[in-house]
Asker: 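Sharing a structure with you now.
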Amino acid sequence: MSDIKAPKGTRDIFAPEIHKWQYLESAIRAYYGKYLYQEIRTPVFEHSELFSRGIGSETEVVQKEMYTFKDKAGRSLTLRPENTASVVRAAIENNLFETLAPLRFYYIGPMFRYDKPQKGRYRQFQQFGIEVFADDSPQVDAEVIFAAVDFLKKLGIEQVQLELNSVGCPNCRPAYLQLLRRAAQAEAHRLCDDCRRKIDGNPLRIFDCKQHACSEISRGFPVIGDHLCSECADHFAAVREALSWMNVPFLLNPRLVRGLDYYTKTAFEVTSGQLGAQNALLGGGRYDSLIRELGGPDTAAIGFAAGMERIILHLEHLEASRPRILFVACGDPQWLAHAMQLAQVLREEGYPVHLDYQGRNLKKQFKKADRIAAAFTLVLAEDEIRSGTVSVKDMASQEQVKIPLKELNAWLKKNY
RNA sequence: GUGAGUGUAGCUCAAUGGUAGAGUAUCAGACUGUGGAUCUGACCGCUGCGGGUUCAAGUCCCGUCACUCACCCCA
């Protein structure tokens, strides 16, 4: 074995798991196409500043988890830890706000975070996500959330929980944060070191602390829901109403906090009980200020990102539909020319065909056909060559018929 | 970054401190016109790596790396 291994937190994906990935990717394209989302592909690395400005320099992601490096010209570049900032950058840079309608994007691709790997968490991981620009209506929030939950349902993933909150906006959040800081300050002596540090940076994250003492204490803290401005409160009420139109059940979590700073108003997260500690399948929300902050027009936006590895973990029972394979068995190496030509003709007809060139006896070849789960084995040996026929054995029923080569195509059309 | 568990054949796993094994997979034969079964044989290893203790280490000790899970954080 080579002593060079895949870097920590990365992995190789191949059959049979790769079938699930291909299935998932095509499901994403088909499903979100129906909402007029169009694919966007952005670079895997960006100027580091895009993320520190977009995601927020105080966030865990930016402070500890970025793969940042200098290129040969001394530019600071970063492997993208998420894709929303890039999509916004791309929209601004290409003037998509002026040219594209509707402004709806989906993406699929690798993201990178320098985290310690564990179940459902990798350093290179796949996300797909959607972004809607230039629509500030609460109904589009409901549509995005519906399209997140409904997609999982269509994949057969139903044991999930949707948590919902509003995190306010620049009009009401600062005042609330002051209130929260004051409350936390008063209890600071009882909070853990970690939480004490959060008071000044992002006190909302105190709600995330799983230490018993901290969560007990923070339960008494004011929650944003009671301090939303009327615009945010109205918006949130309308989102909830529209969700009920679409029969989307949700759990109000007034302490739901997202890890990225750009969220405003609606924030949501879908979790699963089957995942272990890393239980978030997807998360998202509205980010009405980000586009302006990154130099674009003052434009509302909403989206979510989903962890594909975590979705794949829920597809365990998905039976990969394997192609029906034809195996051409050659009775003697002297007929290999016929066998290769037959195989090629069949491939051009669209069948997956395999054959063995090792000159093994028919028994070995049938064994091989069995191993690769061939649907039919086509025998070409002396009898068949002489009579211009081929013997076709149905591997499941064990029935075998000898048919003229000229009729093979028609026979396969009927029996394949 | 912190903690715990695990590292032996391609895969799944054995081996009271005393000659590294089995199942499975692969290849060949029994069986040169027919798969799943059976039997026989072959192949497969610096026991993660580096030190230490010992007459002797896969086994005990230290370090290190990797994987897994959890903390943290999130998707």
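Residue numbering restarts at 1 for every chain, and letters A, B, ... go by the order of the sequence lines.
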Asker: Using a heavy-atom cut-off of under 4.0 Å over every strand shown, decide if A/Leu281 touches base, sugar-phosphate, or nothing.
Answerer: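 Since only primed, P, OP1 and OP2 atoms lie under 4.0 Å of A/Leu281, the category is sugar-phosphate.
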
Asker: Which is true for A/Gln126 with a 4.0 Å heavy-atom rule: it touches a base, it touches only sugar-phosphate, or it touches nothing?
Answerer: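 Counting heavy atoms under 4.0 Å across all strands, no contact is made by A/Gln126.
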
Asker: Does OP1 or OP2 of B/C73 have a side-chain N or O of A/Arg258 closer than 4.0 Å?
Answerer: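 False: A/Arg258 side-chain N/O out of range (4.0 Å or more) of B/C73 OP1/OP2.
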
Asker: Give A/Phe128 one of three labels, base, sugar-phosphate or nothing, depending on what nucleic acid heavy atoms sit under 4.0 Å from its own.
Answerer: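 Nothing: the residue A/Phe128, judged by heavy atoms under 4.0 Å, touches no strand.
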
Asker: So, does the side chain of A/Gln365 form a donor-acceptor pair with the base of B/G33 at under 3.5 Å?
Answerer: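 Per atom types, no contact qualifies.
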
Asker: Go through RNA chain B and write down every stem, that is, every run of at least three consecutive Watson-Crick or G-U wobble pairs with distances under 3.5 Å, as range with range.
Answerer: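 Stems for RNA chain B, defined as runs of 3 or more consecutive pairs: B:1-7 with B:65-71, B:10-13 with B:21-24, B:26-30 with B:38-42, B:48-52 with B:60-64.
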
Asker: Give a yes/no answer on whether the side chain of A/Gln118 brings an N or O atom under 4.0 Å of OP1 or OP2 in B/A70.
Answerer: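 Answer yes for this pair, as a side-chain N or O of A/Gln118 is under 4.0 Å from OP1 or OP2.
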
Asker: Decide yes or no for A/Val132 and A/Tyr37: does some side-chain heavy atom of the first lie under 4.5 Å from some side-chain heavy atom of the second?
Answerer: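 Side-chain contact under 4.5 Å: yes.
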
Asker: Could you check whether any side-chain heavy atom of A/Arg113 comes within less than 4.5 Å of a side-chain heavy atom of A/Met66, counting everything from C-beta outward?
Answerer: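 Result no, sub-4.5 Å side-chain heavy-atom pair not found.
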
Asker: Under 3.5 Å, which N/O atoms of the protein pair with N/O atoms of nucleotides 1-11 of chain B?
Answerer:
unit_1	atom_1	unit_2	atom_2	d
B/U2	O4	A/Lys116	NZ	2.9

Asker: Once each nucleotide of nucleotides 35-44 of chain B is scored for protein heavy atoms under 4.0 Å, what B/S/- sequence comes out, 5' to 3'?
Answerer: BB--------

Asker: When the distance from NZ of A/Lys5 to P of B/C67 is rounded to whole Å, what number comes out?
Answerer: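 To the nearest whole Å, that distance equals 7 Å.
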
Asker: Donor-acceptor pair, distance only, cut-off 3.5 Å: does the side chain of A/Tyr351 make one with the backbone of A/Ala343?
Answerer: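 Not at all, since once roles are kept as given, no pair shorter than 3.5 Å links the two residues.
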
Asker: Scan A/Val61 against the nucleic acid and name what it touches under 4.0 Å (heavy atoms): base, sugar-phosphate only, or nothing.
Answerer: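 Answer is nothing: A/Val61 stays at 4.0 Å or more from every strand.
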
Asker: Check the distance between B/C74's P and A/Leu256's CG and give it to me in whole angstrom.
Answerer: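 For the pair A/Leu256 CG and B/C74 P, the rounded distance is 11 Å.
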
Asker: Evaluate the side chain to side chain contact (heavy atoms under 4.5 Å, CB included) criterion for residues A/Leu155 and A/Tyr23: first the C-alpha distance (whole Å), next the side-chain angles of each, then the deciding distance (0.1 Å), finally the verdict.
Answerer: CA-CA 10 Å; A/Leu155 291 175; A/Tyr23 171 83; 3.9 Å; yes

Asker: Ring centroids only, cut at 6.0 angstrom: are A/Phe112 and A/Phe45 within range, meaning strictly under it?
Answerer: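 No - the distance between ring centres of A/Phe112 and A/Phe45 does not fall below the 6.0 Å cut-off.
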
Asker: Rounded to the nearest Å, what distance is computed from the CZ atom of residue A/Arg113 to the P atom of nucleotide B/C72?
Answerer: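 Value for this atom pair: 17 Å.
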
